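Quick caveat: nothing in here was measured; it's all calculated off a predicted structure.
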Amino acid sequence: MTYRRHDCNDEYNWKKMGSRVERHQHHDDLVPLAALISREMRSEKMEKPTIRFGHAAQSRKGEDYFMMKTDCHRVSGHQSSTFSVFGIFDGHNGNAAAVYSRDHLLNHVLSAIPRGLGRDEWLQALPRALVAGFVKTDKEFQSKGMTILTRDAQGPHFLGLSLTLSIPWTVTVASVGDSRCILDTQGGAVSVLTVDHRLEENQEERERVTASGGEVGRLSIFGGAEIGPLRCWPGGLCLSRSIGDMDVGEFIVPIPYVKQVKLSNAGGRLIIASDGIWDAVSSEMAAKSCRGLPAELAARQVVKEALRPKGLRDDTTCIVVDIIPPDNAMPPPSPPRKKPSKLRSFLFRTKSSSSTSKLSKKLSAVGIVEELFEEGSAMLAERLGNDDTGGSTTSGLFMCAVCQVDLAASEGISVHAGSIFSTSSKPWQGPFLCADCRNKKDAMEGKRPSGVKVT
């Protein structure tokens, strides 16, 4: 018996792709299942935690969607390979992009992970696969999503989202837009695991958009007065990254910020929510409001706390995930908080998006989390890295690193070709892109005007 492609609640099937998968399988990729499971069990030094989760939502526009899956398997039917997935899909100006991403994003991410990997190798491959999955979902939605989803079929459709994958004790978060994921741990330390891509708050993203050919400014009204938050023109979008934009510049990219952390054996609580929550409460307030409550009640309490100041002004969706150490039925309630010392306040206060990395390093220093990976660059060449295998298969074909289509040797274009970020001048070094994905990459990086295709 050999290793099988990723399976997620039997929804991830390969009926239409079976022939292509068979062509790509290499004899070196086939790992005996018994050997794979045995290797992972030997390397597992800690018992698996218990996962408890709950969600709550109040809808005003009907554009928020969510995903909660706890029975996904890298190896079908084997609990040692289980992982969980939680996602918030916050649609804007329609729900089509949110629905499409909820239904397709996870499968696109999993299809970009090489076969035959053990747990550690799978985790290492995940950040790159998340980038490929986000870009493929955006490209696919713009090309055919609007014909598949006829509801709300006029105007642009885009979303900000936060997708969280949890393998025991390790959490990987990918995000675009302004949905947010925070980690609350024993002792009251709150770590923000995402970065807000709001132009108003993110100077690096403002500089990237203008360098790529976009304009950043506020909405002008009669008389020349400027109102509202900073927006990107054309389009007037407040976010610099999203999935599904139909009528704004391609410098609004779908490339996610990705962060991967390993928890201590004390576990922790994840709070994942749309901007309807974070516009009303801070990360610290959200975590504090629900401490000591089970996950389902905690999610309801966070939504209630967000609605308290001004009522329901936007869709508000919250998922709470408790990662509970063995022999604990529920996360223990936090003890009464004493007035923090100046040192403790300095270490554990909530940071802005620009200070997320510094906060993570401090949390690592005090043994709360161990940061494994963090990258937020919007440059596809940087995010896909180098592929020493060249991306070739036993059939002599290449695969596009984003959309996974077959490429003849003469069709593949190196992601590093013509890039100042290339660490090698070898034009044959992978990963490779198809012509469509290369065009999208060039547009996102401001190397050609939006909408101009190169043949």
Side-chain angles (χ1 to χ4, degrees), residues 52-60 64 66 86 88 90 160 162 164 171 173 175 177-198 200-202 229 259 261 267-323 330-356 358-360 362-363 366 368-369:
R52 297 279 187 266
F53 61 94
H55 87 282
Q58 289 287 330
S59 177
R60 180 180 176 86
D64 274 10
F66 64 92
F86 304 92
I88 294 287
D90 178 11
S162 177
T164 302
V171 174
V173 183
S175 63
D178 52 7
S179 293
R180 189 184 305 170
C181 176
I182 67 172
L183 170 66
D184 187 22
T185 56
Q186 276 191 307
V190 176
S191 175
V192 181
L193 302 184
T194 54
V195 165
D196 289 346
H197 293 125
R198 287 189 176 183
E200 184 74 34
E201 303 168 6
N202 197 315
K259 189 177 187 69
V261 298
R269 164 170 283 179
L270 299 171
I271 301 178
I272 313 162
S274 62
D275 64 325
I277 298 291
W278 307 117
D279 285 343
V281 298
S282 67
S283 300
E284 282 280 2
M285 289 173 60
K288 183 178 180 181
S289 69
C290 65
R291 284 181 182 141
L293 297 176
E296 186 74 32
L297 293 179
R300 296 178 190 175
Q301 182 61 34
V302 172
V303 171
K304 182 179 178 180
E305 192 71 21
L307 298 182
R308 192 188 307 277
K310 297 181 180 179
L312 184 62
R313 301 172 65 89
D314 192 5
D315 292 342
T316 57
T317 304
C318 178
I319 298 174
V320 172
V321 182
D322 288 331
I323 302 174
M330 287 181 56
S334 300
R337 299 187 66 182
K338 299 178 181 179
K339 185 176 181 180
S341 65
K342 292 183 179 180
L343 176 61
R344 184 175 182 81
S345 298
F346 174 76
L347 287 174
F348 295 141
R349 68 177 183 267
T350 302
K351 300 291 183 178
S352 64
S353 60
S354 62
S355 303
T356 302
K358 294 180 181 179
L359 174 62
S360 300
K362 286 171 180 165
L363 292 172
V366 296
I368 295 173
V369 298

> Considering the options V192, I271, I277, which one meets the side-chain contact (heavy atoms from CB on, under 4.5 Å) requirement together with S283?
Replying inline: V192

> Passes salt bridge (Lys or Arg N to Asp or Glu O under 4.0 Å), R269 versus D322? Steps please.
Replying inline: CA-CA 5 Å; R269 164 170 283 179; D322 288 331; 2.6 Å; yes

At what distance, to the nearest 0.5 angstrom, does [atom1] of [X] lie from [atom2] of [Y]?
{"X": "K259", "Y": "S191", "atom1": "NZ", "atom2": "OG", "result": "6.0 Å"}
{"X": "C290", "Y": "K304", "atom1": "SG", "atom2": "NZ", "result": "13.0 Å"}
{"X": "I323", "Y": "L183", "atom1": "CD1", "atom2": "CG", "result": "7.5 Å"}
{"X": "L193", "Y": "S175", "atom1": "CG", "atom2": "OG", "result": "9.0 Å"}
{"X": "I319", "Y": "I88", "atom1": "CD1", "atom2": "CD1", "result": "4.0 Å"}
{"X": "Q301", "Y": "E305", "atom1": "CD", "atom2": "CD", "result": "6.0 Å"}

[X] to [Y] - nearest heavy-atom pair and separation:
{"X": "F86", "Y": "I272", "value": "CB-CD1, 3.8 Å"}
{"X": "A280", "Y": "A306", "value": "CB-O, 3.2 Å"}
{"X": "C181", "Y": "L270", "value": "SG-CD2, 4.2 Å"}
{"X": "F53", "Y": "E296", "value": "O-OE1, 4.2 Å"}
{"X": "C318", "Y": "A299", "value": "O-CB, 3.9 Å"}
{"X": "T316", "Y": "D64", "value": "N-OD2, 4.0 Å"}

[Y] backbone acceptor or donor facing [X] side chain under 3.5 Å:
{"X": "N202", "Y": "D196", "value": "yes"}
{"X": "R52", "Y": "A295", "value": "no"}
{"X": "T185", "Y": "G268", "value": "no"}
{"X": "R198", "Y": "P229", "value": "no"}

> Is there a side chain to side chain contact (heavy atoms under 4.5 Å, CB included) between D90 and T317 once you walk through the steps?
Replying inline: CA-CA 9 Å; D90 178 11; T317 304; over 6 Å; no

>> As a quick check of understanding, evaluate salt bridge (Lys or Arg N to Asp or Glu O under 4.0 Å) for D279 and R313, giving each step before the final call.
In response: CA-CA 10 Å; D279 285 343; R313 301 172 65 89; over 6 Å; no

> Can you tell if the side chain of S179 reaches within under 4.5 Å of the side chain of W278, non-hydrogen atoms only?
Replying inline: no

